[in-house]
Every structure is written in C-alpha cells, then in structure tokens.
Amino acid sequence: MRAFSRLVVATLAIGSTVARYNILKQLDYAPRWATAGSDRGVAPFLEKFGPIDVACTFDVVRVGLDGRAGPELTFRFADGTTLRATPDNATARFRERPAVCEYERGDATADAAMLMVANGPGYLFRLWPLFLNKLLFASEAKLRPFVWLGELPDSLTEATAPGCLSSKLARSARKGPKRRLSVSYNADAARRGDATRVSNHHVKMPAALATLAHPTVAGVYYVDLDSAAQAPFNLTGVRDAHERGFSDVAFKWTRKKGAATLRWKVMGSRFYARDTAFGRNFLVRWFENRCSFKDQYSLWHTILELAAEARCVDYRGDVWRDYDYDDARHVSPAKAGIGLQLTCARVREACPNFRYGNDGGPCRVDETPNCLDAVLHHAIPPSGDGLTNATYRTAAGRRAVLVMERVCVYDGERVRVDDARDVRRGVCAYL
C-alpha cells in the first residue's frame with residue numbers, strides 16, 4: 001500500500017493518466033482486486049481467482065517492425081514494479097497473476113473504455129498489427145484502451161450451471177480430443193460437443209467486470225483482438241451506446257429479419273456494458289452460465305433468462321433444453337418457439353424499460369446498436385497469406401522472426417467470402 005501511495009504521488013507530479021484518478025478510490029481499487037480468494041465486492045466466482053493486478057498501465061515502447069530491435073511493451077504495476085515484454089521474452093507472469101492494464105497514452109478524461117483480452121503478451125505480439133490498429137482507433141474515438149492478460153483458474157474451466165449440464169449439447173456430446181485452454185487463443189480446433197469444459201474466451205466477463213470497477217470508468221466496449229478498423233477511421237456514432245444511455249448492455253443482433261429479428265441472436269466478439277447493477281449482473285450471470293467452448297451458447301441463454309425475469313418473454317430454458325449450439329445459431333424466427341420471440345415489438349409491448357439492446361425510441365427493426373461498428377471482426381486464415389513474418393534483433397543481437405496474424409480489410413460492409421480469393425479479386429487488402 002505504501003509503495004502504491006508513493007507511485008500515485010510521483011505520477012501526480014508528472015501529470016500521467018494515474019494522476020487524474022480519484023486517489024482514495026484508487027487506493028482501494030488496487031488492493032481489493034489484488035486480494036486472493038476475494039469476491040472483490042462484485043461476484044462470488046471471483047473468489048476462485050488469485051491476485052489480479054488492476055490500476056496498472058502499459059505502453060508501447062517500440063513498434064519494432066523495421067528489421068531492427070523488435071516490438072516491446074512495458075507494464076507498470078500499482079506496487080511500483082515494472083515488467084518488460086518482447087516476443088522473445090513474452091513473460092508467463094500473467095498465467096499466475098492476471099492483470100487488466102490501461103494504455104498510458106490514452107485520454108484519461110474519457111469515462112468509456114475499450115477492452116481487449118489475451119492470455120499473455122505472446123498473443124498480443126502474434127496479433128501485433130491488429131493490436132496497434134485498435135490502440136490508434138480507441139485514441140481517436142476518445143475511448144480508453146485496456147487490456148486483460150491472463151487465464152481462467154483451472155477451477156473455473158468447468159461448467160456448473162445445472163441447465164448447461166443437462167442441455168441438449170451436453171446430452172449429444174461426442175468423444176474427441178480436448179482443446180488445451182492455455183493455447184486456445186492460438187488454436188482453432190474446438191470440441192463444441194463438450195458442454196462441461198469452457199475455454200478462456202470466457203475470461204472476457206471477469207475482465208470487463210474488473211475494468212468497470214475502475215473508479216473513473218462508467219462503461220466498457222469489449223472487442224476481440226482478431227478485429228481491425230479500416231483507416232481512415234470512421235468514428236460516426238462510435239460512443240452512441242454509452243452516451244445515449246438507454247441500454248446498460250448492447251450487442252449486435254446478427255440475423256436481420258425485419259420485425260421478426262430475434263434480439264438474442266448475437267455474437268460475443270464485441271459488446272457494450274455500463275457500470276450499473278444491470279450491466280454488472282449481466283456479466284456475472286453470463287459467466288455463471290458458462291457452458292461449452294463457445295461463449296455464445298451461454299450468452300443466448302443469459303439474454304433470454306434476464307428477458308424472462310423482466311417479463312419480456314416466457315422463456316424456460318428453451319435454448320439449452322431444445323437446441324445444441326449449431327441448432328440455436330441457425331434457427332429461424334418462424335421455427336423458434338414462443339419463449340424465444342424476443343423481438344423489438346415484444347420488448348416495446350411487454351418490457352419497455354428492459355436495459356438490454358434498448359434504443360429508447362420506436363422500433364427500427366434492422367438498426368442494430370453501435371458496438372464499435374467500425375471495428376470489424378474477421379476470420380484469420382490459419383496459413384498462407386493470413387500469416388506474415390517480421391524479422392528483428394533480440395536484446396542479445398540475435399536475428400529472430402516474429403510470426404503474426406493479419407486480417408483482410410474491406411471497403412464498406414464485411415463480405416463473408418474466403419479472404420485469399422477476395423485478395424485476388426481486389427475486394428480487400430491485408431492489414
């Protein structure tokens with residue numbers, strides 16, 4: 001505590017990001033989240049975590065793609081310690097002690113954050129161009145960039161919700177090789193049929209809760225690392241979900257069917273959550289409902305479960321009971337049961353004050369909430385042009401190669417076509 005107090009006083013003198021925080025709250029924030037076995041005043045499942053570092057910062061010391069010294073990040077922690085991370089020194093520290101750190105050069109006057117997650121610096125360097133792209137986008141959008149680094153504790157990689165364990169997905173599970181959670185950000189061989197095991201994709205919920213607990217963050221936009229914003233950046237309406245204030249949680253519904261659009265059919269790759277009881281409870285419930293490798297299976301159930309509690313729909317666990325992941329993903333509004341009919345008209349009629357996906361006005365049936373619309377999520381090919389190499393020199397002067405993933409950036413709306421073919425057609429260009 002004393003060391004952290006000295007750090008705050010020192011940063012006041014140099015006018016850094018930390019200097020503008022409410023010091024008394026900040027002093028409580030860091031020790032509370034660093035206390036192992038504590039619910040952090042947020043959620044019981046957080047008791048399963050060891051210490052979590054918050055109130056830390058990171059900086060891009062060097063981009064490192066010019067053939068000379070390689071990329072480098074520096075982390076500064078609340079106790080005054082620092083950590084240097086490079087591709088050849090991608091520290092494993094965060095596996096034992098997760099952290100959610102803020103970009104030092106961000107706009108600390110903003111009250112909305114943009115959050116990304118990774119299991120460690122190694123994954124940041126693997127998606128280095130995409131990571132830098134989003135830092136620049138967030139800075140122009142007046143969003144404060146945060147990054148969570150770390151894994152789920154082993155004790156939280158099992159599903160526990162009774163409805164999940166008895167779900168159609170669990171009942172139809174097939175035997176097969178289990179995916180190693182420690183490398184799931186770098187692999188892509190999901191065993192979807194195993195409802196009992198969850199991936200570290202679910203770490204986005206505790207990461208968002210830790211970010212919202214920051215004393216000067218009022219809302220957080222989450223976006224997957226394997227996404228990119230096309231330059232010049234389109235900032236139109238980028239903060240609407242946060243500033244208009246009608247929704248405490250917003251996702252983009254993915255199957256536009258006019259008035260029949262089902263507002264639970266969303267993806268977990270980007271969303272907005274506000275620092276309110278509803279916003280925090282949504283994230284807690286989503287994590288407590290964790291079920292299978294894909295976080296969407298529990299997300300759809302959570303949206304409908306909360307909608308039922310608000311008396312929007314008569315949902316009784318239909319998604320888990322009657323559908324596996326692929327069935328639920330592709331079910332049409334016409335074939336979905338009455339308990340799944342969470343449409344705009346239904347919300348307006350039955351629960352107009354429901355704080356999920358609420359635009360506060362008349363139904364604009366195919367107009368989805370702006371959840372960083374300009375940051376597009378792209379599939380990254382596992383080989384070929386989807387990978388690129390950059391050579392650099394290590395601190396010892398040795399030549400090294402950094403393998404990075406990249407995405408194909410399109411003009412206008414994303415086109416779901418094979419990226420390599422689109423490059424040949426001139427439809428998109430790799431970032």
Side-chain angles (χ1 to χ4, degrees), residues 14 16-18 56-77 82-94 99-108 110 113-149 185-186 221 223-235 372 374-378 380-381 385-409 428-431:
I14 63 175
S16 74
T17 298
V18 181
C56 51
T57 63
F58 72 92
D59 193 17
V60 178
V61 177
R62 190 169 49 249
V63 172
L65 298 180
D66 57 2
R68 293 179 287 182
E72 183 175 339
L73 290 165
T74 296
F75 296 88
R76 296 179 175 86
F77 298 97
T82 61
L83 181 68
R84 170 179 169 268
T86 63
D88 51 295
N89 180 33
T91 172
R93 174 196 186 280
F94 299 101
V100 59
C101 302
E102 181 174 3
Y103 184 41
E104 283 187 1
R105 302 173 192 267
D107 182 357
M114 187 183 81
L115 171 67
M116 298 163 280
V117 304
N119 57 358
Y123 188 62
L124 295 183
F125 291 126
R126 185 172 175 86
L127 274 70
W128 189 238
L130 283 67
F131 179 57
L132 298 178
N133 168 271
K134 286 186 286 295
L135 288 184
L136 293 172
F137 175 84
S139 298
E140 289 198 21
K142 305 298 182 184
L143 298 171
R144 291 159 57 181
F146 282 72
V147 62
W148 164 286
L149 298 171
Y185 282 115
N186 291 342
Y221 289 89
V223 63
D224 277 355
L225 267 174
D226 54 345
S227 60
Q230 186 173 11
F233 298 142
N234 177 8
L235 303 180
L372 300 186
V375 183
L376 300 179
H377 186 269
H378 296 275
I380 299 177
D385 290 336
L387 299 178
T388 187
N389 295 341
T391 60
Y392 67 96
R393 295 287 176 180
T394 68
R398 295 190 302 270
R399 181 180 179 275
V401 176
L402 174 62
V403 178
M404 298 178 294
E405 298 178 3
R406 55 184 182 162
V407 300
C408 206
V409 177
C428 69
Y430 275 111
L431 178 70

Which heavy atom of [X] sits nearest a heavy atom of [Y], and at what distance?
X	Y	answer
Asn234	Phe137	O-CE1, 4.0 Å
Val60	Val63	CG1-N, 4.3 Å
Leu387	Glu405	CD2-CG, 3.6 Å
Ala118	Leu124	CB-CD2, 3.9 Å
Phe58	Pro145	CE2-O, 4.2 Å
Leu130	Asp226	CD2-CA, 3.7 Å

Residues forming a side chain to side chain contact (heavy atoms under 4.5 Å, CB included) with [X], sequence neighbours excluded:
X	value
Ala69	Arg62
Thr391	Arg399, Val401
Pro87	Pro71, Phe125, Tyr392, Leu402

Looking at [atom1] of [X] and [atom2] of [Y], how far apart are the two atoms once the value is rounded to the nearest 0.5 Å?
X	Y	atom1	atom2	answer
Trp148	Met116	CH2	CE	15.0 Å
Asp224	Leu127	CG	CG	10.0 Å
Cys56	Glu102	SG	CD	9.5 Å
Leu135	Met114	CG	CE	6.5 Å

Would you mind reporting whether [Y] and [X] have side-chain heavy atoms less than 4.5 Å apart?
X	Y	result
Met404	Leu65	yes
Tyr221	Val375	no
Asp59	Tyr103	yes
Val147	Leu225	no

* Which residue pairs pass the side chain to side chain donor-acceptor pair (under 3.5 Å) test when at least one of the two sits in residues 134-143, sequence neighbours left out? ->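 Qualifying pairs: none.
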
* Asked: Step by step, would you call Phe75 with Phe94 a ring-ring contact (aromatic ring centres under 6.0 Å, His included)?
  -> CA-CA 11 Å; Phe75 296 88; Phe94 299 101; 5.3 Å; yes

* Can you tell me if Arg144 uses its side chain to pair, donor with acceptor, with the backbone of Ala110 under 3.5 Å? ->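 A pair under 3.5 Å: yes.
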
* Asked: Who pairs with Asn89 by side-chain hydrogen bond (donor to acceptor under 3.5 Å, both in side chains), at least two apart in sequence or on another chain?
  ->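 Asn89: no side-chain hydrogen bond (donor to acceptor under 3.5 Å, both in side chains) contacts found.
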
* Applying salt bridge (charged side-chain N to carboxylate O under 4.0 Å, His left out), name anything that partners Arg68, two or more places apart in sequence or on another chain. =>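 Partners of Arg68 under the salt bridge (charged side-chain N to carboxylate O under 4.0 Å, His left out) test: Asp66.
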
